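For clarity, every value in this text was computed on a predicted model and none was experimentally measured.
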Amino acid sequence: MSTLSDLAQAQGLLTDADVEWLHRLAGDGQLLADLASADIVVWIQTDDGSFVAVAHARPSGAATLFYRDIVGERVRPQWRTQVQGAFDSAEIVDSSSPDWFEETPTRVRAVPIARQRRKEDGAATVIGVVTRHTNLGEARTPSRQQITFEECANDLFRMIADGSFPDLAAPTSPRRGAPRASDGLIRIDVDGITTFASPNALSAFNRMGFDDELEGESLAEVTTRLVPPSRQVDESLPVVVTGRAPWRTDIEARGVTVSLRAIPLKDHGNRIGAIVLCRDVSELRHQEQELITKDATIREIHHRVKNNLQTVASLLRIQARRTHSEEARDALAQAMRRVDAIAVVHDTLAQGLTQKVDFDEVFQRALKLVAEVASAPNTRAKVRSTGRFGVLPSEYATPLALALTEVVTNAVEHGLAGQEGLVTVDAVRTEENLRVTVSDTGRGLPEGRIGQGLGTQIIRTLIQGELSGTIEWHGREGEGTDVIIDIPLRWLMK
């Protein structure tokens, strides 16, 4: 759908509201193609008066005429007069004789796309043209279902021409599980009585416990009998099964879930009935429920891990307060900060549905763990971060958070010990690489001399072993130290 917006904006002849209208129409292009058993193409006028294709849908149950994508192409000469006529007259224009396309006889219908303005703006305005290309080479005696589909398509094309379809009042919803014409179609009259039900639609209702014919029945009464009294019903169900609003809802009975979508049909603003599309989505809903349960379980695990880690940190803090050895107290305090850094990541994961984390949020929380070190006697250190880390997979957020906490702690504890200074953490992210530079204004390391303590070993293990990255220390004796970490994102994001 981005092509539609890009092409429309390139021409500069459509407003944002026009583009939104075309997006809605193109979103139902597959429905129109399946009902009409024809290729559907949406055209907009260019600044030079020609027309360019911005959307195309092929029929699911019939042969397509266009084996190559025509989106972005200008209107062909044999259709130009017809498309221009529909655009100028705001009337549907049918081809007077069969149109031959690559040795295949076709019938072309050009329908003006009218966008309904607000009442104060006046009548509908034509913003484009939709063409319907029917393959006459496969013509055969139509079935009752094909005839009904054809009638439904004609009703929708007429509504497109008078600006009553698509309906912007209809909520946008995920395409996953959306019912299609081939899944099941029910046509009801203005009183909600079923005049036609496709075999797939009838089968869906049979699986929910309805063992009669739908035709001649009130769809609202049928669904009322199917739904158990004890089950909570979506408040939109009545308006869907009566065809009074362009809405979607689900109905569940006997362990079967059927998704319903209503499309009210109008003739010059007067309601004449509705199309109700239905699809058995029992397996989809079961999978979605499993995913929800899985997500909830994962979040609960992260929450419990965070709680356990915080308990370990508390035990280390208690032990540090009771020890009489300054060296042991420092070691326990360092271990406590490392455990807390890991707990921060699990706490972030416990709050969301994804297994990716906004590392900028994680790092800001991790920096607070350094505050205790920065506030040590005779040390007045400030820590500042610049740039953005972005979103990272959870399995790599933990080692990176722990490594950076360790680097910043070392910069404060050793580089700025007993003096005033600044530690800057700068993150630069590209498509292929994440570079983090930790700089301090402390006493600095002699070039080539790197600490051999436990903290340095932990940092190397995490960056090189866990993240397949590199780390370098560059000392400026008497001026500070730069620690440069490079992490390859192509490997990281696999």
Problem - Set of ring-ring contact (aromatic ring centres under 6.0 Å, His included) partners for F205, sequence neighbours left out - result: none

Problem - Flag, side chain of R429 to backbone of L434, donor-acceptor distance under 3.5 Å - result: no

Practice task
Go through the structure and list residues passing ring-ring contact (aromatic ring centres under 6.0 Å, His included) with F210, not counting sequence neighbours.
Solution key: none

Practice task
Assess the side chains of N200 and S198: does a donor N or O sit below 3.5 Å from an acceptor N or O?
Solution key: no

Problem - T46 and D48: side chain donor to acceptor below 3.5 Å - result: yes

Completion exercise
One should read off an interatomic distance between I463 CD1 and D486 CG, to the nearest 0.5 angstrom, of 10.0 Å

Exercise for the section: State whether a side-chain donor-acceptor pair under 3.5 Å links S50 with Q45. Expected result: no

Handout entry: 4.5 Å side-chain heavy-atom contact, I44 and D18
Key = no

Practice task
Decide, yes or no, whether a salt bridge links D426 with R388 under the criterion of side-chain N to carboxylate O below 4.0 Å.
Solution key: no

Problem - Rounded distance [0.5 Å steps], CZ in R132 versus CG in L35 - result: 9.5 Å

Problem - Qualifying residue for salt bridge (Lys or Arg N to Asp or Glu O under 4.0 Å) with R261, from D183, D28, D250 - result: D28

Problem - Side-chain heavy-atom pair F389, V362 within 4.5 angstrom cut-off - result: no

Handout entry: ring-ring contact (aromatic ring centres under 6.0 Å, His included) against F149, all qualifying residues, sequence neighbours excluded
Key = none

Practice task
Say whether W43 and T131, considering side chains only, have a donor N or O and an acceptor N or O under 3.5 Å apart.
Solution key: yes

Practice task
Could you tell me whether the side chain of W21 reaches within less than 4.5 Å of the side chain of L14, counting heavy atoms only?
Solution key: no

Practice task
Mind checking the OG1-CG spacing from T424 to D440? Nearest 0.5 Å is all I need.
Solution key: 9.0 Å

Practice task
For the pair D34 (side chain) and S60 (backbone), establish whether a donor and an acceptor sit closer than 3.5 Å, ignoring hydrogens and angles.
Solution key: yes

